[in-house]
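In this text the structure is predicted, and so the values were computed from the model without any measurement. What you see below is based on every heavy atom in this structure, not just the backbone, and it leaves out hydrogens, waters and symmetry mates.
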Amino acid sequence: MMDNRFATALVIACVLSLISTIYMAASIGTDFWYEYHTLSPAENVSEAGRSIWEEFFSKEADEKTYTDALFRCNGTVGLWRRCITVPKNSHWYSPPENDMTTNCISFSLSDQFMEKYIEPGNHNSGTDLNRTYLWRLQFLLPFVSIGLMCFGALIGLCACACRSLYPAIATGVLHFLAGLCTLGLVGCYVAGIELLHKKLPLPDDVRGEFGWSFCLACVSAPLQFMAAALFIWAARTNRKEFTLLKAYRVA
């Protein structure tokens with residue numbers, strides 16, 4: 001029979017695991033990892049602004065082109081998509097208007113593994129290995145994290161079916177590894193943004209900040225670590241007490 005302490009710890013760990021999974025999935029699927037806010041959005045309805053939109057949505061847009069558009073059009077960036085804010089009625093003959101809408105374009109799989117250059121947009125400047133591998137890791141690590149937690153949940157279900165608490169140690173270890181992946185994702189993303197802004201500094205009238213999608217990933221990591229600690233503690237302590245009780249009965 002399981003002690004109430006261990007049952008409570010397992011329930012809390014499962015709740016923390018579920019919340020962290022939801023947070024992680026939400027952060028992966030949303031486009032607010034980093035946000036740009038320009039102080040002069042009225043310029044975006046000019047002819048120059050319209051040319052920026054066209055270049056942003058072009059399939060041939062390089063890193064410098066779409067980053068400049070993000071600067072000037074209140075852009076947001078996620079792991080899968082980049083978005084800018086444009087007027088709803090963007091025809092050349094339409095007068096400027098304040099009714100804005102957000103348009104997004106997805107990063108293709110080839111974009112995720114594309115090389116980053118020392119001078120963004122200049123293919124002849126050579127490959128920037130640091131930014132290239134940071135970008136690839138920030139794409140791969142969240143899926144590894146989600147996969148580890150799902151695999152841990154599967155082991156937990158098997159443990160319930162076998163009426164044994166000991167396999168929860170494996171669930172805890174997998175959650176700990178998932179937390180490391182999430183922490184690595186956050187670190188890679190911050191480092192990538194900082195390196196990009198060293199290459200392409202923000203204009204004076206543009207402000208950049210991390211968005212709520214990024215914050216969800218930051219919150220998910222400690223939740224995974226706490227769930228891992230509870231799983232491992234409950235399994236090890238219950239096993240130890242069961243061994244002592246069994247030895248006492250034999251004696």
Side-chain angles (χ1 to χ4, degrees), residues 27 30-107 111-112 114-135 137-139 185-218:
S27 68
T30 50
D31 311 315
F32 297 91
W33 279 71
Y34 202 84
E35 303 175 7
Y36 297 99
H37 303 280
T38 178
L39 301 179
S40 53
E43 296 178 0
N44 297 338
V45 298
S46 64
E47 290 299 326
R50 292 188 176 93
S51 66
I52 291 176
W53 309 337
E54 294 173 358
E55 293 175 353
F56 179 83
F57 293 112
S58 171
K59 292 182 179 179
E60 290 76 25
D62 55 35
E63 186 180 25
K64 185 179 186 307
T65 300
Y66 70 71
T67 302
D68 287 341
L70 292 170
F71 288 167
R72 293 300 178 188
C73 301
N74 290 328
T76 62
V77 187
L79 298 181
W80 280 94
R81 298 199 305 174
R82 57 184 187 266
C83 306
I84 56 174
T85 302
V86 298
K88 278 189 176 181
N89 194 353
S90 57
H91 299 294
W92 64 270
Y93 52 80
S94 301
E97 55 182 41
N98 294 323
D99 196 6
M100 311 293 280
T101 185
T102 300
N103 292 338
C104 302
I105 185 169
S106 299
F107 292 108
D111 290 336
Q112 299 286 7
M114 185 177 294
E115 293 180 341
K116 302 295 180 182
Y117 300 103
I118 295 175
E119 297 178 10
N122 183 358
H123 296 200
N124 298 320
S125 61
T127 303
D128 189 331
L129 293 178
N130 289 334
R131 293 200 308 118
T132 297
Y133 286 105
L134 285 172
W135 183 273
L137 284 173
Q138 76 183 33
F139 165 69
L185 161 66
V186 170
C188 288
Y189 195 84
V190 171
I193 287 291
E194 292 299 322
L195 290 175
L196 174 62
H197 290 165
K198 285 183 179 179
K199 307 287 184 181
L200 298 174
L202 291 173
D204 293 335
D205 60 343
V206 176
R207 175 173 55 88
E209 63 184 10
F210 292 100
W212 59 267
S213 300
F214 175 83
C215 294
L216 287 179
C218 292

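- Taken from CG in D31 to CG in L79, the straight-line distance is 9.0 Å, to the nearest 0.5 Å.
- Note: I105 CD1 to R81 CZ = 10.5 Å, rounded to the nearest 0.5 Å.
- To the nearest 0.5 Å, atoms CZ (R131) and CD1 (I193) are separated by 10.0 Å.
- T102 approaches C83 most closely through the heavy-atom pair CG2-CB, 3.7 Å.
- Closest of all the heavy-atom pairs between E35 and T76 is CG-CG2, 3.9 Å.
- Note that the CH2 atom of W212 and the OG atom of S27 stand 9.0 Å from one another [nearest 0.5 Å].
- For the pair F210/Y189, a side-chain contact is recorded, criterion being any heavy-atom separation below 4.5 Å from C-beta on.
- In this structure, the separation between CD on E63 and CG on D68 is 10.5 Å, given to the nearest 0.5 Å.
- Summarising the geometry of K116 relative to Y66, their closest heavy-atom pair is NZ-OH, 3.8 Å, with the distance given to 0.1 Å.
- Taking the six-membered ring for Trp and thresholds of 30 and 60 degrees, F214 and W33 have ring planes more than 60 degrees apart, a perpendicular arrangement.
- The distance from atom CD of E115 to atom OH of Y133, rounded to the nearest 0.5 Å, is 8.0 Å.
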Side-chain atoms of residues 195-204: list all donor-acceptor pairs with protein atoms under 3.5 Å, sequence neighbours left out, distances to 0.1 Å.
| unit_1 | atom_1 | unit_2 | atom_2 | d |
| --- | --- | --- | --- | --- |
| H197 | NE2 | Y36 | OH | 2.9 |
| K199 | NZ | I118 | O | 3.4 |

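- By the side-chain hydrogen bond (donor to acceptor under 3.5 Å, both in side chains) test, N103 pairs with no residue at all, sequence neighbours left out.
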Begin from the C-alpha positions of V86 and T101 and carry the test side chain to side chain contact (heavy atoms under 4.5 Å, CB included) through to its verdict.
-> CA-CA 6 Å; V86 298; T101 185; 4.1 Å; yes
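- Salt bridge D205/R72: present, at least one basic N to carboxylate O contact under 4.0 Å.
- Taking every heavy atom of both residues into account, A191 and L134 meet most closely at CB-CD1, 3.8 Å.
- For Y117, the ring-ring contact (aromatic ring centres under 6.0 Å, His included) partners at least two apart in sequence or on another chain are H123.
- Between L137 and L185 the shortest side-chain heavy-atom distance does not fall below 4.5 Å.
- Contact record, P120 with K64: O-CB, 3.4 Å, taken as the closest heavy-atom pair.
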